[in-house]
J.: 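Input: one structure, supplied below.
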Amino acid sequence: MPEPMRRSKIGTKLDKYFHKIFNPSHIAYTIFFFIEVLILILFFFLGSTSLGNIGLFLATTFSFSFIILMLLGGYSKFDRYLFTKSLDQQKTLIFIGSLGFSSIVILLYFLFGNSTQIPIEFLGWDYILPGFYILIYFGWNMAQIFFLKSSFEHISDRVNAKILPNRESKRNKTFSVMFLILALLVPVLAQLGTYFAFIPFFEPQNPGDSLEPLWWFNGWNIAMYVLILLISYRLVFLHIKSVKNDTQNIFSSVFFILIWLIAWYRSFSFINSFRSVTEALGIDVFRAVIDVLLMIFTAVLVIRGLGSRTFKFRIFNPNNLAFFLFAFTLIYIEGQIVMITGAGSISGTYTSRSQVNLTNNFVALLITIIFYWFYSEYVLEKKGLIVKKLFKQEEVIQIVTDFKTYLINSGALDSNKVTDWEFQNYLKNKKLIHDEIEDIEELKNSDETNDVEEPQEEL
């Protein structure tokens, strides 16, 4: 295969998964973005309170600048100015121009928009900006499981369809039980492996060291086994319901394993962050690398999902979506920095990144477990793998409509005796539809007119 063609395919895949941030038409903006990221990371490691407001100003300015470019990129007439194939002078001037405009606007806000200078204190930059960025940081991490669920469902569906292509097959029960046992074993074996692999890091390294980290690590393991028992009960309960419904599947087991991987990571990150806090260690390279990889993986899934859903709003297109990604990521990074350095009227709550991760991972773990407990049953009901307990309004209407058609086709019901008006009026009386009564009266009058005209034609 020729080398240019191979590069072209690689470039196409990069554009698809990263929404053109590595495309020659966008690489200049990507460079500017990473320059700002490096500045924020420098402020993060310095951890100085005096740099908090400067970092907040720069993050807000760059984010606002990318939002401006996103809005301009929504119009095709700006494409030849914004998305040329190289890092040329024109593109640089456009970015500098948007950055300069953003700097002036944000600087005026910082100079005259302090909470002590405006009537509504909450709208002051020293309150609303750092608070909003912290909310974005925690909100993004808390919502990760909701973005990951679509991919987890897709993977579980594919595995289920591959191994159990026919629902009526006799081997379904065997495979269903096998995957159930596998799903129950994975959390237990993973927890055992984690315990024996990492207990040396929590044991006292010197005779005078505190035993507190080891006690917390052992307590964490006990709590995790209780959690495993709880969600395993949920999985077995759902398996029994699918057996009673005669819809044996491995979807539930695969979905359980994927959810558990996220829960295990969050739980281990929590206890590992605790160790870092109590022992005042430096940056844990292993956890930091895993954390970054998960963030990148989740970001790709979110951006892909966002890209497939936002075109109907006509705000995003394949070119300007990268600007939204840049702006959002800068806000996310700054939210974490604000909690350490402080900014505006919000003082630094945490002294290190480990403390931030301690809180973040605990809340994320809690949300992941609660999410699985409720969503695991909902998704099985949605796919018809267990008996539904609740039906949506549209589903009830469809069932009643299908039943009416079935009765008419089987001859058990005379269609002339149950008119469309009577059927619609029945649905309305049962609060299933909200049509105006005038529309129903019109339909009734129309039916009555037809009933009168037919005898006249016969006479």
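Both backbone and side-chain heavy atoms feed into the values below; hydrogens, waters and symmetry mates do not.
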J.: To the closest 0.5 Å, what do you measure between OG1 (T60) and CZ (F64)?
T.: 10.5 Å
J.: Going by side chain to side chain donor-acceptor pair (under 3.5 Å), name the residues that satisfy it together with T194, two or more places apart in sequence or in a different chain.
T.: W264
J.: Within the side chain of N249, is there an N or O that forms a donor-acceptor pair under 3.5 Å with the backbone of F251?
T.: yes
J.: Do F328 and I136 have side-chain heavy atoms sitting under 4.5 Å apart?
T.: yes
J.: Once you round to the nearest 0.5 Å, how far does CG of L184 lie from CG of L189?
T.: 11.0 Å
J.: Might you work through the side chain to side chain contact (heavy atoms under 4.5 Å, CB included) test for K149 and V379, ending with a clear yes or no?
T.: CA-CA 10 Å; K149 72 177 178 64; V379 70; over 6 Å; no
J.: For the residue pair M178 and I250, establish whether any side-chain heavy-atom pair is separated by less than 4.5 Å.
T.: no
J.: Roughly how far apart are K173 NZ and L164 CG, rounded to 0.5 Å?
T.: 14.0 Å
J.: Under 3.5 Å, is there a donor-acceptor pair between the side chain of W260 and the main chain of A183?
T.: no
J.: Verify, without hydrogens or angle tests, whether T247 (side chain) and L385 (backbone) share a donor-acceptor contact under 3.5 angstrom.
T.: yes
J.: For I228 and S232, which heavy atoms make the closest approach, and how far apart are they?
T.: O-OG, 2.6 Å
J.: Any heavy-atom pair between the side chains of W220 and S267 that's under 4.5 Å?
T.: yes
J.: Could you work out, with side chain to side chain donor-acceptor pair (under 3.5 Å) as the rule, every residue matching Y372, not counting sequence neighbours?
T.: none
J.: So do the side chains of N319 and D79 get within less than 4.5 Å of each other, counting heavy atoms only?
T.: yes
J.: Heavy atoms, side chains only, cut-off 4.5 Å: are W125 and L56 in contact?
T.: yes
J.: Side chains of L261 and Y265: does their closest heavy-atom pair fall under 4.5 Å?
T.: no
J.: Let me know which of F34, F66, F323 forms a ring-ring contact (aromatic ring centres under 6.0 Å, His included) with Y29.
T.: F323
J.: Determine whether S252 and H239 satisfy the following criterion, side chain to side chain contact (heavy atoms under 4.5 Å, CB included), listing intermediate values before the conclusion.
T.: CA-CA 8 Å; S252 182; H239 175 79; over 6 Å; no
J.: Identify the two heavy atoms, one from M70 and one from N320, that lie closest to each other, and give their separation to 0.1 Å.
T.: O-ND2, 2.9 Å
J.: Considering all heavy atoms of both residues, which atom of K382 and which atom of Y375 are nearest to each other, and what is their separation?
T.: NZ-OH, 3.9 Å
J.: Checking side chain to side chain contact (heavy atoms under 4.5 Å, CB included) for the pair L380/S242: CA distance, chi angles, key distance, verdict?
T.: CA-CA 8 Å; L380 291 179; S242 67; 5.9 Å; no
J.: Hey, are the side chains of F371 and I259 touching, using non-hydrogen atoms and a 4.5 Å cut-off?
T.: yes
J.: From I257 CD1 over to I155 CD1, what is the distance, rounded to the nearest 0.5 angstrom?
T.: 11.5 Å
J.: Minimum heavy-atom separation for H26 and A322, please, with both atom names.
T.: CD2-CB, 3.9 Å
J.: Could you state the interatomic distance from CZ (F62) to OG1 (T329), rounded to the nearest 0.5 Å?
T.: 14.0 Å
J.: Report the residues that fulfil side-chain contact (heavy atoms from CB on, under 4.5 Å) with W373, sequence neighbours left out, ordered by chain and then residue number.
T.: L230, Y233, R234
J.: Would you list the pairs meeting side chain to side chain donor-acceptor pair (under 3.5 Å) in which at least one residue belongs to residues 180-193, sequence neighbours left out?
T.: Q191-N221
J.: Taking side chain as C-beta onward, heavy atoms only, is Y225 less than 4.5 Å from L192?
T.: yes
J.: Could you report the tightest heavy-atom contact between S156 and V254, atom names first, then the distance?
T.: OG-CG1, 3.6 Å
J.: Can you name the nearest heavy-atom pair linking L365 to A263, along with the distance?
T.: CD1-O, 3.4 Å
J.: With rounding to the nearest 0.5 angstrom, report the OH to CZ distance, Y137 to F132.
T.: 16.0 Å
J.: Show your working on side chain to side chain contact (heavy atoms under 4.5 Å, CB included) between L238 and E377 and close with a plain yes or no.
T.: CA-CA 7 Å; L238 295 175; E377 184 172 15; 3.9 Å; yes
J.: List in chain and number order the residues that pass side-chain contact (heavy atoms from CB on, under 4.5 Å) with T61, two or more places apart in sequence or in another chain; answer none if no residue qualifies.
T.: F57, L99, S102, S103, I106
J.: How would you list, by chain and number, every residue that makes a side chain to side chain donor-acceptor pair (under 3.5 Å) with Y195, sequence neighbours excluded?
T.: N218
